[in-house]
Visitor: 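Below you'll find the structure I mean.
Since we're looking at a predicted model, the values are computed, not measured. This chain uses plain numbering: 1 for the first residue, then up along the sequence.
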Amino acid sequence: MSILKLKPSGKDYLWGGHRLADEYGKECSGDVLAETWELSCHPDGPSIIANGVYAGKTLQQYIDAQGKAVLGTHCRRFRDFPILIKFIDAKDNLSIQVHPDNRYALTHERQYGKTEMWYVMDAGKDAFLYYGFRKEISTAEFERRIRENTLLEVLHAVPVQKGDVLFIESGTLHAIGKDILIAEIQQNSNVTYRVYDYGRVGKDGKKRDLHIEKALAVTSLVPIIRDKSSYPHVADCDYFTVDKLNLDGKILKKLEGNVSQDSFASILILDGQGTISDTTESLPFRKGDSFFISAASGTFQLEGTCDALITTIREKAGPVRIGIDIGSAVIRIGLVDVHQKLLASIEMPTQAERPANEIIGEIGKQVLALLTQQGIEIDQCVGAGVGVPGTIDHRKGIVIYSNNIHWQDIHLAELLGRDLPIPIQVANNADCTALGETVAGAGKGYQNVVMITLGTGVGGGVIVAGEIVGGSEPGHMVIVQDGAPCTCGRRGCLEAYASAAALTRAAKYAAGRDISPEEIFAEAKQGNRQLVAVLQDYLHKLGTGVVNIVNIFRPQLVLFGGHMPVQDELFLRSMQEKVKKNCFGGDMGELPEIAAAALGKEAGMIGAASLV
């Protein structure tokens, strides 16, 4: 079953009439039916499925059961269902109001703002609506007129008739006038700031609240130039694309469409009657009906007479992805374009002694600040990827355990999503570094890559057929039974011997002084016997781990990165010799290339961004 008939949620706002019940057959238990939310996954008014095995379930329950694939690939950039479609019957004037943009709404309301469009289904002889200002005014005048109740004097009153379309971008002051029937397609948000309400009172007998301070912060105070062009769509933006279809029952009696894997389709019947069908079923339709067709459903047919609006979601124009690389000492945040190029980045100290929710909250704030600094809206971002040291449940976005930053059972995607309402994916940070090098660095062009990062610990990422093989922890393979203690609590792990920290610790014990990895390599080459012995033992232990990894995964390429001189000829030659001598099959097998990583600090951010 791919065609779902939807039953709406109704709203009895005080300005509403009864036409949606009288003329469109909508259920109504009272004297007023102001709105019906025809396609909605919003908790304030969800749509209910009226047919098939999911009858009685909400549309959101259907999506949860079937998976987000029913929304289409173009919807992967949305964390939540992207749109909300309504019928609105304005018997009286609606309040003068404005919707915030995404950036403001995320900061102050923790949800998206609202851009919307109106299709006028019917209008009285003298009907009009308010659409921005007649002239540019100052913020001071705007506030004064709100408080003095003279705001209507400077608003642009637009006469409307059946078939008119208005696009209301966030920040546009607007209001539907009385005696107008409208179909509204909007972002999935219920945030509205009211600035004028004709002195009306609500059901409690009190005047309804105004939201003056917030409205002052978000309203555009210049006149709106109405775009009269609708070709080839009724409306088109990053949130929705709306097309009009008409079957007159004479010349055009039947229409065939196709719903691809790109997007679901919403069909809202404005007038007429007939049947809607696919290869498995046929359903009658009438004026006011709403249908949801899941993505990749293939062909469908409408037959009869009707005016209808078809809404789909198009591909995002110029998308940006957020890559977050959480390390034990530093957190790096980057913005990455479609060409895997880092547009901008910032760093902040991890300060892992802080509570996890405090660190995650600060990450969210820093992401929003970086977007603001770069002039990029949050809705331009199709998702965020996060790399974290430790064991990850990538499906749920949970950090199960990270000994490096002392996290356990941290619901990272959920917590970060409070500030960033976009899809968020989480993976091990070494996996992200490997993915970054594979898509944009030294591993570009290879499908099977192993990357080993040598720093405070030993991390590793495995890429097979261009995809992360999650869960690998090469640093914690045991190479010496009952050997040196490791930070994980066990003994003999590769990390205890082959991390940069392990090398400098051994060198200090041998030489009696602090010495960096670069200095160790340099002095060993000059013949310092103590450091030659330390370095030989280090490279032997590391080589043992690398041979084990190659024997298991048989990659095309092994990359090294981190806080070691991995570009050094001695280092690379030593690893090549170890692999050639000790890997199963030796020269007779397919041995991987050995190379140094190329992206440095950028790899983790680019790889994390590539998760989405």
Visitor: Run the numbers on His99 and Glu169 for side chain to side chain contact (heavy atoms under 4.5 Å, CB included), then give the verdict.
Guide: CA-CA 8 Å; His99 306 308; Glu169 195 169 8; over 6 Å; no

Visitor: Do Gln366 and Ile363 come within less than 4.5 Å of each other through their side chains, counting heavy atoms only?
Guide: no

Visitor: Would you check if Phe264 and Ile83 make a side-chain contact, meaning some heavy-atom pair closer than 4.5 Å?
Guide: yes

Visitor: With side chains defined as the heavy atoms from C-beta onward, is the minimum distance between Ile331 and Ile359 less than 4.5 Å?
Guide: yes

Visitor: Can you spot which of Asn448, Val449, Val450 makes a side chain to side chain contact (heavy atoms under 4.5 Å, CB included) with Val464?
Guide: Asn448

Visitor: Is a donor on one side and an acceptor on the other found under 3.5 Å between the side chain of Thr219 and the backbone of Leu216?
Guide: no

Visitor: State, yes or no, whether a side-chain contact exists between Asp409 and His411 at a heavy-atom distance under 4.5 Å.
Guide: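 Touching, per the 4.5 Å side-chain cut-off.
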
Visitor: Under 4.5 Å between any side-chain heavy atoms of Ile324 and Arg332, yes or no?
Guide: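 Of all side-chain heavy-atom pairs linking Arg332 with Ile324, none is under 4.5 Å.
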
Visitor: Return the set of residues passing salt bridge (Lys or Arg N to Asp or Glu O under 4.0 Å) with Glu353 (not counting sequence neighbours), or none when no residue passes.
Guide: none

Visitor: Measure from the side-chain N and O atoms of Gln261 to the backbone N and O of Thr73, and report whether any donor-acceptor pair falls under 3.5 Å.
Guide: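 Here the side-chain-to-backbone pair does not exist.
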
Visitor: Is a side-chain donor or acceptor of Ser263 paired with a backbone partner of Ile313 at a separation under 3.5 angstrom?
Guide: yes

Visitor: Over 60° means perpendicular and under 30° means parallel, so classify the ring planes of Phe560 and Phe571, tilted if in between.
Guide: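 Ring orientation, 0 to 90° scale: perpendicular.
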
Visitor: Work out which heavy atom in Ala352 is nearest to a heavy atom in Ser328; give both atom names and the distance.
Guide: CB-O, 4.3 Å

Visitor: Determine the minimum heavy-atom distance between Leu557 and Pro592, stating which atoms define it.
Guide: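 Heavy atoms of Leu557 and Pro592 come nearest at N-CB, 4.0 Å.
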
Visitor: Considering only distance and modelled atom types, tabulate donor-acceptor pairs under 3.5 Å from the side chains of residues 486-495, sequence neighbours left out.
Guide:
{"unit_1": "Thr487", "atom_1": "OG1", "unit_2": "Asn403", "atom_2": "ND2", "d": "3.1"}
{"unit_1": "Thr487", "atom_1": "OG1", "unit_2": "Glu495", "atom_2": "OE2", "d": "3.0"}
{"unit_1": "Arg490", "atom_1": "NH2", "unit_2": "His476", "atom_2": "O", "d": "2.3"}
{"unit_1": "Arg491", "atom_1": "NE", "unit_2": "Gly483", "atom_2": "O", "d": "2.9"}
{"unit_1": "Arg491", "atom_1": "NH2", "unit_2": "Gly483", "atom_2": "O", "d": "3.4"}
{"unit_1": "Glu495", "atom_1": "OE1", "unit_2": "Val458", "atom_2": "N", "d": "3.0"}

Visitor: Go through the steps to decide whether Cys41 and Asp80 satisfy the test side chain to side chain contact (heavy atoms under 4.5 Å, CB included), and finish with yes or no.
Guide: CA-CA 8 Å; Cys41 290; Asp80 305 316; over 6 Å; no

Visitor: What pairs with Gln536 under side chain to side chain contact (heavy atoms under 4.5 Å, CB included), at least two apart in sequence or on another chain?
Guide: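 Checked Gln536 against side chain to side chain contact (heavy atoms under 4.5 Å, CB included); matches are Val532.
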
Visitor: Should the heavy atoms of other residues, nucleotides or ligands under 6.0 Å from CD of Glu315 be counted, would the total exceed 12?
Guide: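 It does not: Glu315 CD has 12 such atoms or fewer within range.
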
Visitor: In Å, rounded to the nearest 0.5 Å, how long is the span from CD of Glu109 to CG of Asn190?
Guide: 10.5 Å

Visitor: How many angstroms lie between atom CE of Met564 and atom CZ of Phe521, to the nearest 0.5 angstrom?
Guide: 4.5 Å

Visitor: Not counting sequence neighbours, which residues clear side chain to side chain donor-acceptor pair (under 3.5 Å) with Glu467? List them please.
Guide: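 Testing Glu467 for side chain to side chain donor-acceptor pair (under 3.5 Å), a comparison that skips the adjacent residues, returns none.
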
Visitor: So does Thr115 get a backbone contact from the side chain of Gln187, meaning a donor-acceptor N/O pair under 3.5 Å?
Guide: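 The answer is yes, because a donor-acceptor pair under 3.5 Å joins these two groups.
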
Visitor: Please lay out, stage by stage, how Lys581 and Glu577 fare under the test salt bridge (Lys or Arg N to Asp or Glu O under 4.0 Å).
Guide: CA-CA 6 Å; Lys581 180 180 179 180; Glu577 291 172 353; over 6 Å; no

Visitor: Is a side-chain donor or acceptor of His339 paired with a backbone partner of Lys341 at a separation under 3.5 angstrom?
Guide: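 Judged by distance alone, no pair lies under 3.5 Å.
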
Visitor: Under the side chain to side chain contact (heavy atoms under 4.5 Å, CB included) rule, collect the residues that match up with Ala442, sequence neighbours excluded.
Guide: Glu437, Leu559, Ala598

Visitor: Measuring only between side-chain heavy atoms, which start at C-beta, is Ser610 closer than 4.5 Å to Gln340?
Guide: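 Answer yes - side chains close enough.
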
Visitor: What's the separation between atom OG1 in Thr312 and atom CG in Asp236, rounded to the nearest 0.5 Å?
Guide: 8.5 Å

Visitor: Tell me whether the centres of the aromatic rings in Tyr112 and Phe78 are closer together than 6.0 Å.
Guide: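 Aromatic pair excluded; centres sit 6.0 Å or further apart.
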
Visitor: Taking atom CD1 of Ile606 and atom CG of Asp325, what is their separation to the nearest 0.5 Å?
Guide: 11.0 Å

Visitor: What's the verdict on side chain to side chain contact (heavy atoms under 4.5 Å, CB included) for Ile360 and Leu412, showing C-alpha distance, side-chain angles and the deciding distance?
Guide: CA-CA 7 Å; Ile360 295 165; Leu412 175 55; 3.5 Å; yes

Visitor: Is the number of heavy atoms from other residues, nucleotides or ligands under 6.0 Å of Arg76 CZ greater than 12?
Guide: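 Incorrect, the count does not exceed 12.
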
Visitor: Is there side-chain contact between Met575 and Leu542, with at least one heavy-atom pair below 4.5 Å?
Guide: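 Sidechains of Leu542 and Met575: in contact.
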
Visitor: Could you give me the CA-CA distance, side-chain angles and deciding distance for Arg354 and Glu362, then say whether salt bridge (Lys or Arg N to Asp or Glu O under 4.0 Å) is met?
Guide: CA-CA 11 Å; Arg354 295 182 294 165; Glu362 181 64 21; 5.3 Å; no

Visitor: Counting only heavy atoms not in Gln374, do more than 12 fall under 6.0 Å of its CD?
Guide: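 Enclosed: over 12 neighbouring heavy atoms sit under 6.0 Å from CD of Gln374.
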
Visitor: Check the pair Asn551, Val547 against side chain to side chain contact (heavy atoms under 4.5 Å, CB included), reporting the backbone distance first and the verdict last.
Guide: CA-CA 6 Å; Asn551 281 338; Val547 167; 3.6 Å; yes

Visitor: Without swapping roles, check the side chain of Ser402 against the backbone of Pro389 for a donor-acceptor pair under 3.5 Å.
Guide: yes

Visitor: How many angstroms lie between atom NZ of Lys316 and atom CD of Gln380, to the nearest 0.5 angstrom?
Guide: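 Interatomic distance, Lys316 NZ to Gln380 CD, rounded to 0.5 Å: 4.0 Å.
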
Visitor: In Å, rounded to the nearest 0.5 Å, how long is the span from CD of Glu519 to CG of Asp514?
Guide: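 Result: 9.5 Å between the selected atoms.
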
Visitor: I want to check something: taking the side chain as every heavy atom from C-beta on, are Val191 and Pro100 in contact at a cut-off of under 4.5 Å?
Guide: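 Touching, per the 4.5 Å side-chain cut-off.
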
Visitor: Please check: side-chain N/O of Gln567 versus main-chain N/O of Ala596, any donor-acceptor pairing under 3.5 Å?
Guide: no

Visitor: Between Asp337 and Arg321, does at least one N-O distance fall below 4.0 Å, as a salt bridge requires?
Guide: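 So Asp337 does not pair with Arg321 through a salt bridge.
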
Visitor: Lys578 side chain to Gly545 main-chain N or O, any donor-acceptor pair under 3.5 Å?
Guide: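 No, Lys578 side chain to Gly545 backbone: no donor-acceptor pair under 3.5 Å.
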
Visitor: If you compare all heavy atoms of Asn102 against all heavy atoms of Gly113, which two are closest, and at what distance to 0.1 Å?
Guide: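 Reported closest heavy-atom pair: OD1-N, 3.0 Å.
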
Visitor: Within the distance-only criterion (no hydrogens, no angle test), does the side chain of Thr350 pair as donor or acceptor with the backbone N or O of Val330 below 3.5 angstrom?
Guide: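 At least one qualifying donor-acceptor pair exists.
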
Visitor: For Asp393, enumerate each residue passing the side chain to side chain contact (heavy atoms under 4.5 Å, CB included) test, keeping only those at least two apart in sequence or located in another chain.
Guide: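 Result, side chain to side chain contact (heavy atoms under 4.5 Å, CB included) vs Asp393: Arg395, Lys396, Ile398, Ile400.
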
Visitor: Under 6.0 Å from the CD atom of Gln481, do we count more than 12 heavy atoms belonging to anything else shown?
Guide: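 Atom CD in Gln481 is not packed in, count stays at 12 or less.
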
Visitor: For Glu602 and Leu599, indicate whether the former's side chain and the latter's backbone hold a donor-acceptor pair under 3.5 Å.
Guide: no

